> 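My questions all concern the structure below.
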Amino acid sequence: MTVVIKTLFELAEAVGGKVVGDRQVAIRKVAPIEEAGPGEITFLAHPRYQRYLETCRASAVIVSPTVLAGSGVVDRTYLVASDPYVAFAKILQIFAPAITHPQGISPLAQVASTAMLGNGVCIFPHVFVSDRAKIGGRTVLYPGVFLGERVEVGEDCVLHPNVVVREGCRIGSRVILHAGVVVGSDGFGYAGAGDHRVKIPQAGSVDIEDDVEIGANTTLDRATLGRTIIGRGTKIDNLVQIAHNVVIGENSIIAAQTGVAGSTQIGKDVTLAGQVGVVNHIQIGDGATIGPQSGVARSVPPGAVLSGGIAAAPHHEWLKVMTLLPQLPKLWSAVRALEKKLAEMLKGGEKEAKRHARP
Amino acid sequence: MTVVIKTLFELAEAVGGKVVGDRQVAIRKVAPIEEAGPGEITFLAHPRYQRYLETCRASAVIVSPTVLAGSGVVDRTYLVASDPYVAFAKILQIFAPAITHPQGISPLAQVASTAMLGNGVCIFPHVFVSDRAKIGGRTVLYPGVFLGERVEVGEDCVLHPNVVVREGCRIGSRVILHAGVVVGSDGFGYAGAGDHRVKIPQAGSVDIEDDVEIGANTTLDRATLGRTIIGRGTKIDNLVQIAHNVVIGENSIIAAQTGVAGSTQIGKDVTLAGQVGVVNHIQIGDGATIGPQSGVARSVPPGAVLSGGIAAAPHHEWLKVMTLLPQLPKLWSAVRALEKKLAEMLKGGEKEAKRHARP
Amino acid sequence: MTVVIKTLFELAEAVGGKVVGDRQVAIRKVAPIEEAGPGEITFLAHPRYQRYLETCRASAVIVSPTVLAGSGVVDRTYLVASDPYVAFAKILQIFAPAITHPQGISPLAQVASTAMLGNGVCIFPHVFVSDRAKIGGRTVLYPGVFLGERVEVGEDCVLHPNVVVREGCRIGSRVILHAGVVVGSDGFGYAGAGDHRVKIPQAGSVDIEDDVEIGANTTLDRATLGRTIIGRGTKIDNLVQIAHNVVIGENSIIAAQTGVAGSTQIGKDVTLAGQVGVVNHIQIGDGATIGPQSGVARSVPPGAVLSGGIAAAPHHEWLKVMTLLPQLPKLWSAVRALEKKLAEMLKGGEKEAKRHARP
């Protein structure tokens, strides 16, 4: 491992920020605010950690102009950036140990003679590359990766151990597939019922566009006909299920354990939080945000912010709520009946009042 | 790839349908209705796509008699079938490119000398077959497949890359296990608590009967004692969890990300939608249907149709609902109090009325 | 397979229990109560199986003193234990067939020359061990296991087929990782938005302490900085998602398909049931229990018992509930309005009454 050392000024230049304090202080590492010491830069990740600022021993702290103005701590060196989180990410990239891969093809890998390989590819042992697969330059296939027939993988991709990409699927450039991802498994489709059920061949495939990252053990099914598509720049977390013929636009974010059912179309810049379920054959508009554990049963307009998750409550209180919830229709009827009765009483009361007033 | 060409009449014969229009038109492919062109057959998958019928350029459209009667489009060739979805599936099977596997055992696979292999098996590189495993005729083991000791796999199965079947588990014939499926992992069982927790050995196994298909990265735990059973013809989607000693009947359908807890028994022809959770030690009767994201906490009678999922709502409205939901018991008390008060008033009012009426 | 035979007395000694009946009866197997026959010991797992006790043909039944007192069946041999479930687990361990592994390193595995291996390790074919990895004595790596650079695995661990442990992660002793587990995949972290989104390098790692067991296809992400930690003795089920920087204490239990979001801290002896979702940056106190399918959105005090799951109801009734649920705020307003009106009427009525009473 080579150690990278930068002055704070160099880091500020690299991320488009500016230094308040000692520009020449040498930085060699990024560390969490509670742990950072001399030679290290840290980041005020969350307002709730503000209290750490006074006792923090880091050589520099990445902050926003707002936080700087409000910090009240003068005797300290800052790197001020308009988006400190982006600055933090870029500085981490500078210090992250570069993982070096042996170039070339392991003799313990099995690569079809008809496969086409770009320059500088790295193919680890126990990889299997099928006939007519294409692998772009500098792409890395870790041990246990399987590429089916005619699979295309672009340049500078990383396929972590035991990733499976089945026949005919296409993967763009700079794509990261984490360990255990399955691309192009058969969509879940059957016709008929009982003993007469017939498997619908899943004759389509999956397209993963450039700059997509997909989390560990996530599954993406091939289309019945046509293509399941993951748009450019979209990021998908672990253990997510993307069904056949789903189309996801650019730069969307899908958190862990979410499932999207067949043929649903998700726009660009959409956020699906964790454990969301989306039914089949609907559209989720650009920029929509869906809260954790929500069930999305109807199309969602662009920009909508939906929720459906229920916050856990003390068990004994929740039991009472759960008993009453199915009786909500009865409760409504009871309230409607009360309203009616009261209205009648008021009418009656007025009559009575009038009667008394009549003399 | 060989190209298959059929006349529409041949296809109609094959699926038990009939042609309305040109029986001799040559078909070489199935395509989605928006994309299909000459030489292609398509399928009206969903009433909402009916509008495509007029502009559709396909050489033939698979429809039901009802859709045909209602279509109003006369100048077009149809394949009419009582269940057009089944006809579509069968025609797709006719045109689906047959995947050919090299017969025999790769020298890069590790197959125990005590294993018994049927005729025409295909064992890819990096497969591991343990002692006394049995593999039926024409079964395909893709790269990275692991079979434990004494595992039995029937005929004409396909085990996709990186499938794991642990010791003693049995798999029937014509079973498809998609990439990353784990069969026979230890059930989740411990006795005692804290530092005195003891692992309960999971000494049973898993039985997967004929014609089962199991989706990518799904996990099926071995029984503590006895067997976890997946009945003949049952289809399970991706990322599903089947716990130890679960028994599932024939021809059931379990959608993605559903979980079934230990020792629960699920009948035949049951449908569990996506992200359903079923508690342990209950029965779900034959033909029951459980809607998406439902939690099933009690046994379900045959044929029941249950739901429990909540449709996502606008975030700000939902926040209000969520604040009030735990107060449902209070609301009921308030309504009951109102009813009582009103009843008293009415009684009082009657008395009052009587009093006034008395003289 | 060697057959183990023990007298009931020997078993009672081994588990700290005592025999009621024939101490010398020979036991060679554990079986479920419905199936057990002569030579077999069984266990009354659940009160609902009490009815099996009379007809049970087992040579001995493990029971608690309470069950024994209430059983009324005198002509039978019992092994009485204070915690019969623990006794059952230990006896199963005695009879569980010991799985024997060939010692040594398969020539079909790829082990870096800089890796350090303890005595008696078993490394199966198609395993990949990277530079400077350390593997403790008697640890077993099944086919398809991947260990990244500098990974440390303790003694007596079992890593089932296709487990992936990425660079720099540490695993204690006596740890069991089931098939397809991924340890140390990148946490899901990005800064910025849209086309300017930047990946935050996940420069930390994962620590799995001694005696942890992790279920099939579960994923544990590496920390952004620092470590994701799974405390000693904690047991995690299948298909669970543990996000970056999560810290879990000792002896906790996490059931299948649960997800814990980033930086959340979970105490010791905590139980999370199946399909629970826990948001990021919160604390769950020691000994807390969270019911199935609950969403935990706020920190939970020690010992709390929370629920949030909804029991599935008949579909048609549930549809009505679902229509009314979003109108809960309206219902409250209606009830509040009724209360106000009634209060006014009562006041008016009193006035009226007073007025009538006045003369």
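Every chain is numbered from 1, with letters handed out A, B, ... down the list of sequences. Bear in mind that the values here come from a model prediction, so they are computed numbers and not experimental data.
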> Could you pull out the closest heavy-atom pair between C:Lys199 and A:Gln93, with the gap in Å?
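For C:Lys199 and A:Gln93, the tightest heavy-atom pair comes out as O-NE2, 2.9 Å.
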
> Which residue out of C:Leu324, C:Ile310, C:Ile200 racks up the most heavy-atom pairs below 4.5 Å with chain A?
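The answer is C:Leu324.
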
> For the candidates C:Gly295, C:Gly148, C:Pro326, which exhibits the highest count of non-hydrogen atom pairs separated by less than 4.5 Å from chain A?
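Sorted descending by pairs with chain A, the first entry is C:Gly295.
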
> Can you give me the closest heavy-atom contact between C:Asn217 and A:Asn217, atom names plus distance?
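It is O-ND2, 3.0 Å.
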
> Considering all heavy atoms of both residues, which atom of A:Leu325 and which atom of C:Trp318 are nearest to each other, and what is their separation?
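Taking A:Leu325 first and C:Trp318 second, the nearest heavy atoms are CD2-CH2, 3.9 Å.
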
> Looking at C:Val278, is its backbone amide N or carbonyl O close enough to the side chain of A:Gln275 to form a donor-acceptor pair, meaning the two atoms are under 3.5 Å apart?
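No: the side chain of A:Gln275 does not pair with the backbone of C:Val278.
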
> Would you say A:Asn162 and C:Val182 make side-chain contact, with heavy atoms under 4.5 Å?
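No, every pair of side-chain atoms sits at 4.5 Å or beyond.
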
> What part of A:Ile94 lies closer than 4.5 angstrom to a heavy atom of chain C: side chain, backbone, both or neither?
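Contact with chain C: none, neither part.
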
> Mind ranking A:Pro32, A:Pro125, A:Ala311, A:Ala255 by heavy-atom pairs under 4.5 Å with chain C and telling me who comes out on top?
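Looking at each of A:Pro32, A:Pro125, A:Ala311, A:Ala255 in turn, A:Pro125 comes out on top.
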
> For chain C, which of A:Ala216, A:Ala273, A:Gly309 has the most heavy-atom pairs under 4.5 Å?
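Going by pairs under 4.5 Å, I would pick A:Ala216.
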
> Against chain A, work out which of C:Gly259, C:Gly184, C:Ala297 has the most heavy-atom pairs shorter than 4.5 Å and name it.
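It is C:Gly259.
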
> Please classify the contact between C:Val300 and chain A as side chain, backbone, both or neither, with a heavy-atom cut-off of under 4.5 Å.
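Answer is neither: C:Val300 stays 4.5 Å or more from chain A.
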
> With a 6.0 Å cut-off (strictly less than), is the heavy-atom count around NZ of A:Lys235, excluding the residue itself, greater than 12?
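More than 12 within 6.0 Å, yes.
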
> Check A:Leu92 against C:Ala203 and note the closest heavy-atom contact, atom names and distance.
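Result for this residue pair: CD2-CB, 4.1 Å.
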
> CZ of A:Arg336 to CG of C:Leu331: how many Å apart, nearest 0.5 Å?
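A:Arg336 atom CZ to C:Leu331 atom CG measures 7.5 Å (nearest 0.5 Å).
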
> How long is the straight-line distance from NZ of A:Lys341 back to CG of C:Leu338, given to the nearest 0.5 Å?
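Result: 11.5 Å between the selected atoms.
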
> Please classify the contact of C:Val305 with chain A as side chain, backbone, both or neither, using a heavy-atom distance under 4.5 Å.
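Its backbone and side chain both get close to chain A.
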
> In terms of heavy-atom proximity below 4.5 Å to chain C, should A:Val30 be classed as side chain, backbone, both, or neither?
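Both parts, heavy atoms under 4.5 Å.
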
> Which one of C:Ser294, C:Gly291, C:Pro201 has the most heavy-atom pairs closer than 4.5 Å to chain A?
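Answer, by heavy-atom pair count under 4.5 Å with chain A: C:Pro201.
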
> Find the one option among A:Val335, A:Leu342, A:Asp269 whose heavy-atom pairs under 4.5 Å with chain C are most numerous.
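Highest number of pairs under 4.5 Å: A:Leu342.
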
> Is any side-chain heavy atom of A:Asp237 closer than 4.5 Å to one of C:Asp221?
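When only atoms from C-beta onward are counted, A:Asp237 and C:Asp221 do touch, with a gap below 4.5 Å.
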
> Name the region of A:Ile176, side chain, backbone, both or neither, that has any atom closer than 4.5 Å to a heavy atom of chain C.
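Side chain only.
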
> Would you check, one step at a time, whether the test side chain to side chain contact (heavy atoms under 4.5 Å, CB included) holds for A:Ile253 with C:Arg197?
CA-CA 11 Å; A:Ile253 292 283; C:Arg197 190 167 279 137; 3.6 Å; yes

> Can you tell which part of C:Gln293 gets under 4.5 Å to a heavy atom of chain A, answering side chain, backbone, both or neither?
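The backbone, not the side chain.
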
> Could you tell me which portion of A:Phe95 (side chain, backbone, both or neither) has an atom closer than 4.5 angstrom to a non-hydrogen atom of chain C?
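No part of it gets close to chain C.
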
> Within this structure, what is the NZ-CH2 distance for the pair C:Lys320 and A:Trp332, rounded to the nearest 0.5 Å?
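Spacing of NZ (C:Lys320) from CH2 (A:Trp332) equals 15.0 Å.
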
> Looking at A:Pro314, A:Ala96, A:Pro161, which has the largest count of heavy-atom pairs under 4.5 Å with chain C?
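Sorted descending by pairs with chain C, the first entry is A:Pro161.
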
> I want to check something: taking the side chain as every heavy atom from C-beta on, are A:His126 and C:Phe146 in contact at a cut-off of under 4.5 Å?
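Of all side-chain heavy-atom pairs linking C:Phe146 with A:His126, none is under 4.5 Å.
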
> Nearest 0.5 Å, please: how far is CZ in A:Phe88 from OG1 in C:Thr224?
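Reported to 0.5 Å precision, the distance equals 6.0 Å.
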
> Could you pull out the closest heavy-atom pair between A:Ala31 and C:Leu225, with the gap in Å?
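Result for this residue pair: C-CD1, 3.6 Å.
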
> Specify which of C:Gly187, C:Ala243, C:Gly277 makes the most heavy-atom pairs with chain A at under 4.5 Å.
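Going by pairs under 4.5 Å, I would pick C:Gly277.
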
> Using a 4.5 angstrom heavy-atom cutoff, name the option from C:Gly189, C:Ala191, C:Ser307 with the most pairs to chain A.
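Top count of heavy-atom pairs under 4.5 Å with chain A: C:Ser307.
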
> Mind checking whether C:Arg166 and A:His178 have side chains closer than 4.5 Å, heavy atoms only?
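C:Arg166 vs A:His178: side chains touch.
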
> Under a 4.5 Å heavy-atom cut-off, does chain C meet the side chain of A:Ser252, its backbone, both or neither?
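Just its backbone gets close to chain C.
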
> Using non-hydrogen atoms and a 4.5 Å limit, figure out which bit of C:Thr258 sits close to chain A: side chain, backbone, both or neither.
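Interface part for C:Thr258: backbone (N, CA, C, O).
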
> Are the side chains of C:Leu239 and A:Gln257 in touch, meaning some heavy atoms are under 4.5 Å apart?
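No. Closest side-chain heavy atoms not under 4.5 Å.
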
> Should C:Tyr190 and A:Glu213 count as side-chain neighbours, where that means a heavy-atom distance under 4.5 Å?
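Yes, side chains in contact.
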
> At a heavy-atom separation under 4.5 Å, does A:Ala313 approach chain C through its side chain, its backbone, both, or neither?
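Its backbone and side chain both get close to chain C.
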
> Mind listing the closest non-hydrogen atom pair of A:Asn238 and C:Gln241 along with its distance?
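Taking every non-hydrogen atom into account, ND2-OE1, 2.8 Å.
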
> Going from CD on C:Glu317 to CD on A:Gln327, what distance comes out if it is rounded to the nearest 0.5 angstrom?
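Going from the CD atom of C:Glu317 to the CD atom of A:Gln327 covers 10.0 Å.
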
